Amino acid sequence: MMEKLAINEHGPQHKQAFDEPLWWSLFSAGGVCFAVILPAVILFIAICLPLGLLPAGALSYERASNLLFSVPGFLFVGAVVCLPLFHAAHRLRHGLFDISVGNDILNKKLMYGAAALLSVLALGLVVAGMLR
Amino acid sequence: MQQRDFDIVIVGGGGAGLRAAIGAAEHAKEHKTPQRIALLSKVYPMRSHTVAAEGGAAAVTSAEDSHQAHFDDTVSGGDWLVEQGVVDYFVHHAYQELVQMERWGCPWSRKDDGQVQVRRFGGMKTARTWFAADKTGFHMLHTLFQTSLKYPEIERFDEYFVLDLAVHEGAVIGVIALQVATGELTLLRAKAVILATGGAGRLFRFNTNAGIVTGDGMAMAYRHGVALRDMEFVQYHPTGLPGSGILITEACRGEGGILLNKDGYRYLQDYGLGPETPLGKPENKYMELGPRDKLSQAFWQEQQAGRTGKFGDSDVVYLDLRHLGEKYILERLPFICELAKSYINVDPVKEPIPIRPAVHYTMGGIETDPLCETSIAGLYAAGECASVGLHGANRLGSNSLTELLVFGRLAGEQASKRAAQTEWADTRLLEAQAERQQATLARLCDGEGSGESWVELKHAMVQAMESGCGIYRTEEGMRHSLETMRQLRERYAKIRVNDTSKIFNTELLECIELGYGLDIAEASCLGALERRESRGAHQRLDEGMQKRDDVNYLKHSQVFYQGEAPAELRWQDVDVRFSAPAERAYGDAGKGGKV
Amino acid sequence: MSTEQITTKSVSTNNTSIKHISVKRYLPDSSAEAYWQQYEMPVDDSTSLLDALNHIKEQLDSTLSYRWSCRMAICGSCGVMVNGIPKLGCKTFLRDYEGEIRIEPLSHFPVQRDLVVDMEIFLEHLAAVKPYLIDDNPVKPYDPKAPETYQQTPEQLARYKQFANCINCGLCYSACPQFGLNPEFLGPAALTLAHRYNLDSRDHGKKQRMTELNRHEGVWSCTFVGFCSQVCPKHVDPAAAVNQGKVEAAKHTLIALFKG
Amino acid sequence: MHKSSSQRLPPLKRNWWLKHRFFKLYMLREATVLPLVFFTLCLLAGMVALLQGADSWQGWIAFMGSPIVLLLNLLALAASLFHAATFFVLFPRVMPLRIAGHSLPDKAIVAGQWAGVVAVALLFFWLLGRA
Ligand SMILES: Cc1cc2nc3c(=O)[nH]c(=O)nc-3n(C[C@H](O)[C@H](O)[C@H](O)COP(=O)(O)OP(=O)(O)OC[C@H]3O[C@@H](n4cnc5c(N)ncnc54)[C@H](O)[C@@H]3O)c2cc1C
Ligand code: SF4
Ligand code: F3S
Ligand code: FES
C-alpha cells in the first residue's frame, strides 16, 4: 500500500499530461466535423451517389477530380477524413480502456499512430493529385 | 490502543471547531510556536450541523447601523439574561470575522456594485445579516473546511467519537475517543482542549436539528464538574415543516413572507407585534419579523383557539410567499422551494407552506468565561455547546453563525496561548482514565441485567421533554419531566446493546449519546422548574409566573452534576454593566422605548 | 387583509402500505461474505428511504449500520445505491418505487460495513486540488483593524455559484465508471471544486491547481459519460465543470508551450 | 496515518456497462466511431481510385453500391446523426457562451448547431444536386 502511494506522489503517474490536450483538441474538432459535416457527406457520397440519385455528371470522374485535387479539396479531406479519424482514435482508445482491453500506453500509440498515418496518406493523395 | 500527542485537541468539526482550529494555527504561526492541532469529529466535518443553517450571519455593516444597535438588539432579544461584556466583544468583532470568511472565499450574496449584501432578520433593528442565498451555513462550513486543508499542522480525525475528557487536578490533559471504523480506543494527550460539539436539539421529539446534535460535549464537561448554564432556555423556531421538523428559514419572512392562520388572517397583529405591515414591505421587529419566541408562542395561542389548520396529523399555520413572485422566490430562496417540494409536496410559488414550531437551538450550555475557558483549566468551549453568555433567554437568528466565528477564533487563540506555556501530563494518567472507559463500554455491550431497550428510553426522553418543556410550561409538567429523567437515568444503567461488532457500531454510539442526553435533559428540566418566572424562551402558565421577575431571577441558572444523585442548581449574577433591564417590546409597542 | 381561503392540502400521510426493502448486509467481523436481508414495513407518502432505515434500526434490527445526519439533503452523509442508482437516502421517497427496493452501499468505494463505505479516497482527491482561495498577491491586503472585502459582482458570482453547491456526497463517484475503472482518477466532485475556485474572480491559484488537473488522472480521465451530473442531488453538473476544466487545461498547456 | 486509508477496490469488470441503460447509451455513443471508421476507409479507397483513373473511380462507385457496403454506410449515416444529437447538447456545457455578461441559453446553442448541419447539407445540394 505504502509503495503504491509513493508512486502516486512522485512517480510517472503524477506527471503533467501535456500530450492529452492535443489529442483532446483533435478529438473535439473531429467531433464537430463528424456531427456537422459528415451526415451530408455520407448521405451524398455513400448513399445518393452509388444509388444513382445524383444528377448525371455531378460526380463524374472529371468533376470529382477537380473538386478533390484542389485547395478546397485539401481542406475537405482534413475536415472529413483526418479530424474524424482522430476523433475515432480517441474514442477507440478510451473504449478499449472501458472494456479493459490491452494497456492504455500501447493503445494510445496504436490508435493515434494509425490516425496520423491515415491522415498523412489522405492528404498525400490530394497533394499527389494536385501535382499530377 | 493508539496514543498520540497534540498541543491542542479540538472536539467538533462544525463551524466553531473549524474556526478554532484555524484560529489556533494562525496564532501559533504568528507567535512562532509551532503547534500540532488535532480536530476530532464523529462525522466528517462537512456533515456537521452548521451545514444546515440557512438564513445568515449578523454583523454591523452599513453606515446607518451601529454597534450600539446590534448590542441593544442582542441584549433585549436575550431578555437581559446576557453577559453584556461578552455581547460588546461580540458585536465589535463580528464584521471582521465575516470579512475574513469572504477573504477565504465564502460566496456571500452580492449587490450589483460588488459589495456584500445584507438582509433583514427577526429581532434585528436593521438589515445586517450576511447571507449566501439560503445556504449560508453550508457555504460557511465548506469554506472553513476547505480553508482548513491549507494548514498541515491541523490533523483531522474524522469519524472519531469522543467518549470522555481526561482531567487531572482541575486541568484537562487529553481526550479519549473511539475510532468508529474500527472500534479502537484512541488516547490523545493535549495541553488544551476545545469543545465545539454543537447543541442538544435532539433531546426533543420535534426539532430542526440533525441526528448528531445530541449534546455530547455538554455532557462530557458537565460530568467533570463544569456547570451547565441556562439550560432551560430552548428556542422553538416558528417555522418547521410538519412531520420532519425540517427548517424553513426565517429569511422567508425577512424577504417578505407572511404568516396566516387557517382563515387567511395575519394573526401576529393580535400578539403585540402589529400593526400589520403592508404586503411585500416587511419591517424589522414588526409582525413576521418579531423574535422567534414570540412567534412560536403566538402559534400556541392560535392552536389553543382552534385557528390552526391541519397537515397530516400536525396542527399548522401557513407561510405565504406567493406575492413575492416566482422569479424572486427562486432567486432568493431556492433551497426552501426544493425542501417544500420534496418533503411535503408543496410548491411555495403556488401554495402557502404549512409550518409549525420546532425545537431549534440550545441557548444554554457549557459555562465559560468571556475568553471561552471553562472552570477546568485548559478546557475551552465555543459554538452552540457553550454558554459564553451571548444569547441569554433567547437567541436572535443569525447571531449564532457569527458566534461560531468570533468565539471559535477566540477559543483557538486562547488554547494556543495556553499550550505554549503548558507541558503534557504523564501518559499513565490518561491510560488509567481510558481503562475506565473501556470498562464502561464493555458493560454497555455485555448488557447484563434486565437489558433495557435504548429505543424505548430515547422515546420516553424526547416525549417527556416535549410535553414538559415545550413552548409553554407548567410547574406540574416540568416536575413530571424531571422525575421522568431521573427514572430514565436509573434505567439507563441497565441498558443493552445488541450489536457486538467493533466495526462501525452505530447502535453503541446511539446508546452513548442517549446517556449524554439524559444527563443534560435532567439539567434542562431542573433549570426550567426552578426558574419561577417567564423570560424569553421560557414561558410559564403558572399563576404569578407569567411575567419576567428581575428581582429574583435576573440570574443565570447553573446546574452541577452529582453522579447518580440528583443534579444541583445554583444561581449566578448577570453582567448588566451597560444596559439596565427594560421591557422587551416589539411592533409599535417597542417604539420610543430604549430598544 | 384577507388572502383567499387557504386550501389545506394534505399530502395523504394516511396513504399507508406495506413495502419490502432488501438491504445488502456486510458484517466483516462475523462473515467475509455480503448477504441480502429483507425487511417489511409500513410506509406512507412522505416516508423517505432514510425514514425507512431508521425504522429498521429502531424497530426491526438494531445492527444495521448506515450514515445519516441532516435528513434534509444538505450534509451529504446518506448516499446509497437504490436499485443500482446512487441516491441520497433522505431525498429518496418510497412513494416513487413500485415492487422491490434493493439498497446497497455506494459503488466504487470499499465497503466498511453494511451501507457504510470508506470515503477516504474521496477526501484525498478533494484535498489534492487545493480547494481554497489562493491569492498570494492580494489586490487589497487583509487588515484585521480595517477589514475590507473583495469586490465581486453578481455576474462574477454567478459564474461559479452552481459549482460551489457540491455537498460532497460522493454520489457522482459511484456513478462515474472512469472512477470505478481507475480510483486514482480525481473524479467529478474534486475537479468541480477546483474549477469552482478557478472561476472565482477573487482567486489567483489556477496555475497551481492546473498541475493537478492537467494530469492523466486529472481531467483527462473523464470521457464525458455524464452520469455524474444525472445523479447529482444538488444539480451541480460536475460533468460540465470537468469538461470546462479540459478547455482550461488545454489553454494552460498552450501557455506553458509558448513560455517554454 | 490514523486511518486504514487509501484502500482501493479492484477495478470494474469489463461488462460494467451492461448493467444500466445510461451506460449502454454511452457505449453506443462511443461506438458510433466504428461505422465512421468504415466510411472514412471507403472514402480513402475512393481517393486512391480517383487518383488511379476513371475506371477505378467507376469501380469504386460500384463497390459503394454493393448491398453490404451500402448498409454499413447507412449505419454510418445513422451513427453520425446520433453522434450529432449527443454531441450538440454537450457543447454548451463545455463552452458556455456568454454575450454581454449573460449566458446564451443551451437550447439556442443546440439549435444553432443543427442549423449548421442543415446548412452543410444545403451546400452539398447546391454543389452536387444540380447537373
Ligand atoms: C436548521 C438550522 C438552521 C439554522 N440557521 C441559522 C442561521 O440562519 N443563522 C444562525 O446564526 N444560526 C443558525 N442556526 C444555528 C447554527 O447553525 C448552529 O448553532 C451552529 O451551526 C452550531 O455550530 P457548532 O459548530 O457549534 O456545532 P455543529 O455544527 O453542530 O458541530 C458539532 C460538531 O461536533 C462534533 N461532535 C459532536 N459530538 C461529538 C463527539 N462525541 N465526538 C466527536 N465529535 C463530536 C460533530 O461531529 C460536529 O462536527 C441554525 C440551526 C439549524 C438547526
Ligand atoms: S457533485 Fe453532486 S453528486 Fe458529486 S459529490 Fe457533489 S453534490 Fe454529490
Ligand atoms: S461520469 Fe465520469 S467520465 Fe466524466 S462526465 Fe462524469 S466524470
Ligand atoms: S442525511 Fe444529510 S444528506 Fe441525507
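Just so it is clear, the model here is predicted, and its values are computed rather than measured. Labels below follow one simple rule: chain letters A, B, ... track the order of the sequence lines, proteins then strands, and each chain is numbered from 1.
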Review point. Between A:Arg63 and D:Leu128, is a side-chain contact (heavy atoms from CB on, under 4.5 Å) present by the stated rule, with each step listed?
Key: CA-CA 10 Å; A:Arg63 183 133 194 258; D:Leu128 304 176; 4.1 Å; yes
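- Taking CH2 of A:Trp23 as the start and CZ of A:Phe86 as the end, the distance is 6.0 Å to the nearest 0.5 Å.
- To the nearest 0.5 Å, the span separating CD1 on A:Ile47 from CE on D:Met64 amounts to 8.5 Å.
- Heavy-atom proximity under 4.5 angstrom to chain D picks out A:Ala88, A:Arg91, A:Leu92, A:Asp98, A:Ile99, A:Ser100 from residues 88-107 of chain A.
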CA sep, side-chain torsions, deciding dist, call: A:Leu51, D:Leu70, side-chain contact (heavy atoms from CB on, under 4.5 Å): CA-CA 9 Å; A:Leu51 287 181; D:Leu70 206 56; 3.5 Å; yes
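- For a residue to count as touching a neighbouring chain, one of its non-hydrogen atoms must lie under 4.5 Å from one of that chain's; by this rule A:Val77 touches chain D with the side chain only.
- Within the 4.5 angstrom heavy-atom criterion, atoms from both the backbone and the side chain of D:Phe124 approach chain A.
- Heavy-atom distances place both the backbone and the side chain of A:Leu43 under 4.5 Å from chain D.
- Ranked by heavy-atom pairs under 4.5 Å with chain A, the list D:Cys42, D:Ala79, D:Gly53, D:Ala76 is led by D:Gly53.
- Between A:Phe44 and A:Leu53, every side-chain heavy-atom pair lies at or beyond the 4.5 Å cut-off.
- For D:Leu41, the part lying near chain A is the side chain, with the backbone staying farther off; criterion is any non-hydrogen pair under 4.5 Å.
- Atom-to-atom distance recorded for D:Trp60:CH2 and D:Gln58:CD is 11.0 Å, nearest 0.5 angstrom.
- For a residue to count as touching a neighbouring chain, one of its non-hydrogen atoms must lie under 4.5 Å from one of that chain's; by this rule D:Leu43 touches chain A with the side chain only.
- A distance of 5.0 Å separates CZ of A:Phe27 from NE2 of A:His87, quoted to the nearest 0.5 Å.
- Between A:Leu38 and A:Ala79, the shortest heavy-atom contact is CD1-O, 4.5 Å.
- Chain D forms more heavy-atom pairs under 4.5 Å with one residue of A:Ser65, A:Ala40, A:Gly31 than with any other, namely A:Gly31.
- Inter-residue side-chain proximity for D:Met95 and D:Ile109 is flagged as unmet; no heavy-atom pair is nearer than 4.5 Å.
- The two residues A:Ile45 and A:Pro50 make their nearest non-hydrogen contact at O-CD, 3.2 Å.
- Residues of residues 16-23 of chain D placed with any heavy atom under 4.5 Å of a heavy atom in chain A are listed by number as D:Trp16, D:Trp17.
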Are D:Phe91 and D:Val110 close enough, and set up right, to give a side-chain contact (heavy atoms from CB on, under 4.5 Å), and what steps lead you there?
CA-CA 8 Å; D:Phe91 185 81; D:Val110 173; over 6 Å; no
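- Contact record, D:Asp106 with D:Arg93: OD2-CG, 4.5 Å, taken as the closest heavy-atom pair.
- Proximity to chain D among residues 108-124 of chain A is limited to A:Leu118, A:Leu121, A:Ala122, judged by heavy-atom separations below 4.5 angstrom.
- Rounding to the nearest 0.5 Å gives a distance of 7.5 Å between CE of D:Met27 and CD of D:Glu30.
- Looking at D:Phe39 and D:Leu44, their side chains never come closer than 4.5 Å, going by heavy atoms from C-beta outward.
- Chosen from D:Leu34, D:Leu123, D:Leu36, the residue pairing most often with chain A at heavy-atom distances under 4.5 Å is D:Leu36.
- For a residue to count as touching a neighbouring chain, one of its non-hydrogen atoms must lie under 4.5 Å from one of that chain's; by this rule A:Ile37 touches chain D with backbone and side chain alike.
- Most heavy-atom pairs under 4.5 Å with chain D: of the set A:Ala64, A:Ser28, A:Pro39, this distinction falls to A:Pro39.
- Using a 4.5 Å cut-off between heavy atoms, D:Ser56 does not touch chain A at all.
- When the candidates A:Leu67, A:Leu54, A:Val41 are compared by the number of heavy-atom contacts under 4.5 Å with chain D, A:Val41 comes out ahead.
- Contact of A:Leu68 with chain D is made through the side chain alone, with heavy-atom distances under 4.5 Å.
- Neither the backbone nor the side chain of D:Leu122 comes within less than 4.5 Å of any heavy atom of chain A.
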Check the pair D:Gln113 / A:Val36 against side-chain contact (heavy atoms from CB on, under 4.5 Å), numbers first and verdict last.
-> CA-CA 7 Å; D:Gln113 295 177 96; A:Val36 177; 5.5 Å; no
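- Counted within 6.0 Å of CZ on D:Phe125, heavy atoms from surrounding residues, nucleotides or ligands total 12 or fewer; the atom is thus considered open.
- Within 6.0 Å of CG on D:Asn15 lie more than 12 heavy atoms contributed by other residues, nucleotides or ligands.
- Contacts from residues 81-90 of chain D to chain A, taken as heavy-atom pairs separated by less than 4.5 Å, involve D:Leu81, D:His83, D:Ala84, D:Phe87, D:Phe88 in sequence order.
- Using a 4.5 Å cut-off between heavy atoms, A:Phe34 contacts chain D through both its backbone and its side chain.
- Closest approach of A:Cys33 to A:Pro84, counting heavy atoms only: CB-CG, 4.3 Å.
- Counting heavy-atom pairs under 4.5 Å between each of D:Leu50, D:Val120, D:Leu12 and chain A puts D:Leu50 at the top.
- Heavy atoms of D:Val48 lying under 4.5 Å from chain A belong to its backbone as well as its side chain.
- Atom-to-atom distance recorded for D:Thr40:OG1 and A:Leu85:CG is 5.0 Å, nearest 0.5 angstrom.
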